**Student:** 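Okay, here's the structure, questions in a sec.
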Amino acid sequence: MKRIALLVLGVVAVSASALAQAPDDAIATALLAAPANLRDGATVIKWKSDFTYDTLKKGTNRLVCYDRSGFPEQQPLSVECTSIANVDRVAQNLKAEALGDKAKTQAMLDAEEKDGTRVKPEFGSVWYHAMGADKDHVRMHMTIAVPGATTQSMGLPDKAGQGGVWIMNAGTTTAHIMTPGE
């Protein structure tokens with residue numbers, strides 16, 4: 001009986017230790033996309049299957065980071081950070097991507113854009129992305145949300161190829177500034 005009790009206590013201790021480390025690992029992974037100067041103050045959330053989230057780390061700035069690894073349409077490692085004001089848009093994106101088919105996802109988002117229910121991101125907010133096969137093969141990418149922006153309103157081209165920044169999806173809620181080399 002004593003051996004069984006010791007075994008149970010040992011299993012509980014190891015399990016508790018593993019669970020205690022899991023949130024730290026989840027936080028570290030989610031922060032991979034965050035710029036170094038914003039990382040300590042960033043909020044970290046974990047998305048749930050109903051497109052709500054749990055807060056793993058409450059931050060002191062407006063940056064929120066989350067891990068999308070293993071989600072439909074994502075690379076094996078996929079981490080994103082943006083303004084806390086964009087969380088509703090992210091939830092909408094996740095719901096569309098949950099369809100698991102890029103064409104169906106795009107059709108759903110296009111329909112929301114057309115009927116006016118597409119959530120607008122915060123103008124000027126930055127989206128930081130870290131993606132790749134694993135932590136050793138990560139590509140960083142950054143865009144800046146400019147919903148509704150056009151070549152006329154921003155003075156930027158709406159096509160790549162001139163070597164500078166440009167507006168992708170001009171005139172939509174999805175309009176964003178592409179930053180070559182990022």
Side-chain angles (χ1 to χ4, degrees), residues 20-98 105 108-109 112-113 116-132 135 138-151 153-156 158 164-182:
Q21 292 174 358
D24 289 341
D25 292 344
I27 291 168
T29 299
L31 291 172
L32 286 174
N37 63 331
L38 298 175
R39 196 171 291 141
D40 288 344
T43 294
V44 176
I45 61 175
K46 180 176 175 62
W47 287 101
K48 298 191 285 188
S49 61
D50 65 354
F51 313 110
T52 61
Y53 60 87
D54 291 321
T55 301
L56 301 180
K57 174 187 171 287
K58 180 74 175 125
T60 57
N61 61 32
R62 293 179 43 83
L63 192 68
V64 60
C65 300
Y66 41 89
D67 186 356
R68 297 173 8 141
S69 305
F71 286 24
E73 300 184 35
Q74 297 304 312
Q75 293 187 30
L77 175 67
S78 181
V79 180
E80 195 168 75
C81 300
T82 189
S83 169
I84 195 79
N86 293 331
V87 169
D88 289 341
R89 183 174 177 96
V90 174
Q92 191 176 47
N93 292 346
L94 294 174
K95 185 175 183 180
E97 290 171 2
T105 296
M108 182 176 180
L109 295 174
E112 291 168 345
E113 183 79 31
T117 60
R118 184 80 167 107
V119 176
K120 286 185 183 179
E122 180 179 51
F123 193 95
S125 60
V126 181
W127 296 73
Y128 302 99
H129 310 270
M131 61 200 111
K135 289 181 184 177
V138 174
R139 181 176 83 85
M140 303 298 283
H141 182 60
M142 177 189 70
T143 61
I144 302 165
V146 288
T150 63
T151 296
S153 68
M154 296 287 290
L156 296 171
D158 61 2
V165 299
W166 58 284
I167 303 171
M168 185 172 193
N169 301 330
T172 70
T173 65
T174 309
H176 57 281
I177 298 175
M178 295 293 289
T179 53
E182 285 294 315

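Bear in mind that the values here come from a model prediction, so they are computed numbers and not experimental data. We count residues from 1, following the sequence as given.
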**Student:** Could you tell me which residues satisfy side chain to side chain contact (heavy atoms under 4.5 Å, CB included) with Thr151, sequence neighbours excluded, listed by chain and number?
**Tutor:** Asp158
**Student:** Under the rule for side-chain hydrogen bond (donor to acceptor under 3.5 Å, both in side chains), what residues qualify as partners of Glu112, not counting sequence neighbours?
**Tutor:** Gln92
**Student:** Determine the sole option in Gln74, Glu73, His129 for which the side chain to side chain donor-acceptor pair (under 3.5 Å) test with Arg68 is passed.
**Tutor:** Gln74
**Student:** Is it true that atom OH of Tyr53 has more than 12 heavy atoms of other residues, nucleotides or ligands lying nearer than 6.0 Å?
**Tutor:** no
**Student:** So which heavy atom on Ala34 is nearest to which on Cys65, and how close?
**Tutor:** CB-SG, 3.9 Å
**Student:** Looking only at the side chains, is there a donor atom on one of Arg39 and Asn61 sitting less than 3.5 Å from an acceptor on the other?
**Tutor:** no
**Student:** Does a side-chain heavy-atom distance below 4.5 Å link Val90 with Trp127?
**Tutor:** yes
**Student:** Just verifying a value: how many Å separate Ile45 CD1 and Lys58 NZ, rounded to the nearest 0.5 Å?
**Tutor:** 11.0 Å
**Student:** Looking only at non-hydrogen atoms, find the nearest pair between Ala170 and Thr150 and report the distance.
**Tutor:** CB-CA, 4.1 Å
**Student:** Side-chain contact test, heavy atoms from C-beta onward, threshold under 4.5 Å: evaluate it for Val146 versus Ser153 and give yes or no.
**Tutor:** no
**Student:** When rounded to the nearest 0.5 angstrom, what distance separates OG1 in Thr105 from CG in Leu94?
**Tutor:** 10.5 Å
**Student:** So do His141 and Met178 actually touch side chain to side chain, heavy atoms under 4.5 Å?
**Tutor:** yes
**Student:** Can you tell me how far apart OG1 (Thr43) and CG (Leu63) are? Round to the nearest 0.5 Å.
**Tutor:** 8.0 Å
**Student:** Quick one: closest heavy-atom pair of Ala42 and Lys57, and the distance?
**Tutor:** O-NZ, 2.6 Å
**Student:** To the nearest 0.5 Å, what is the distance between CG (Leu156) and CD1 (Ile167)?
**Tutor:** 5.0 Å
**Student:** Is it true that a side-chain atom of Thr179 and a backbone atom of Thr143 form a donor plus acceptor pair closer than 3.5 Å?
**Tutor:** no
**Student:** Determine the minimum heavy-atom distance between Phe51 and Ala98, stating which atoms define it.
**Tutor:** CZ-CB, 3.8 Å
**Student:** State, yes or no, whether a side-chain contact exists between Leu32 and Leu77 at a heavy-atom distance under 4.5 Å.
**Tutor:** yes
**Student:** What pairs of residues pass the side chain to side chain donor-acceptor pair (under 3.5 Å) test when at least one of them lies in residues 166-176, not counting sequence neighbours?
**Tutor:** Arg89-Thr173, Arg89-Thr174, Glu113-Thr173
**Student:** For Asp54, is there any backbone N or O sitting under 3.5 Å from a side-chain donor or acceptor partner on Lys48?
**Tutor:** no
**Student:** Is a donor on one side and an acceptor on the other found under 3.5 Å between the side chain of Ser78 and the backbone of Met131?
**Tutor:** no
**Student:** Check the side chains of Asp67 and Thr29 for a donor-acceptor pair under 3.5 angstrom, ignoring hydrogens and angles.
**Tutor:** no
**Student:** Are Asn93 and Leu109 packed together at the side-chain level, in the sense that at least one heavy-atom pair is separated by less than 4.5 angstrom?
**Tutor:** yes
**Student:** Which pair of non-hydrogen atoms, one from Ala85 and one from Arg62, has the smallest distance, and what is that distance?
**Tutor:** CB-NH2, 3.5 Å
**Student:** So which heavy atom on Cys81 is nearest to which on Ala30, and how close?
**Tutor:** SG-O, 3.9 Å
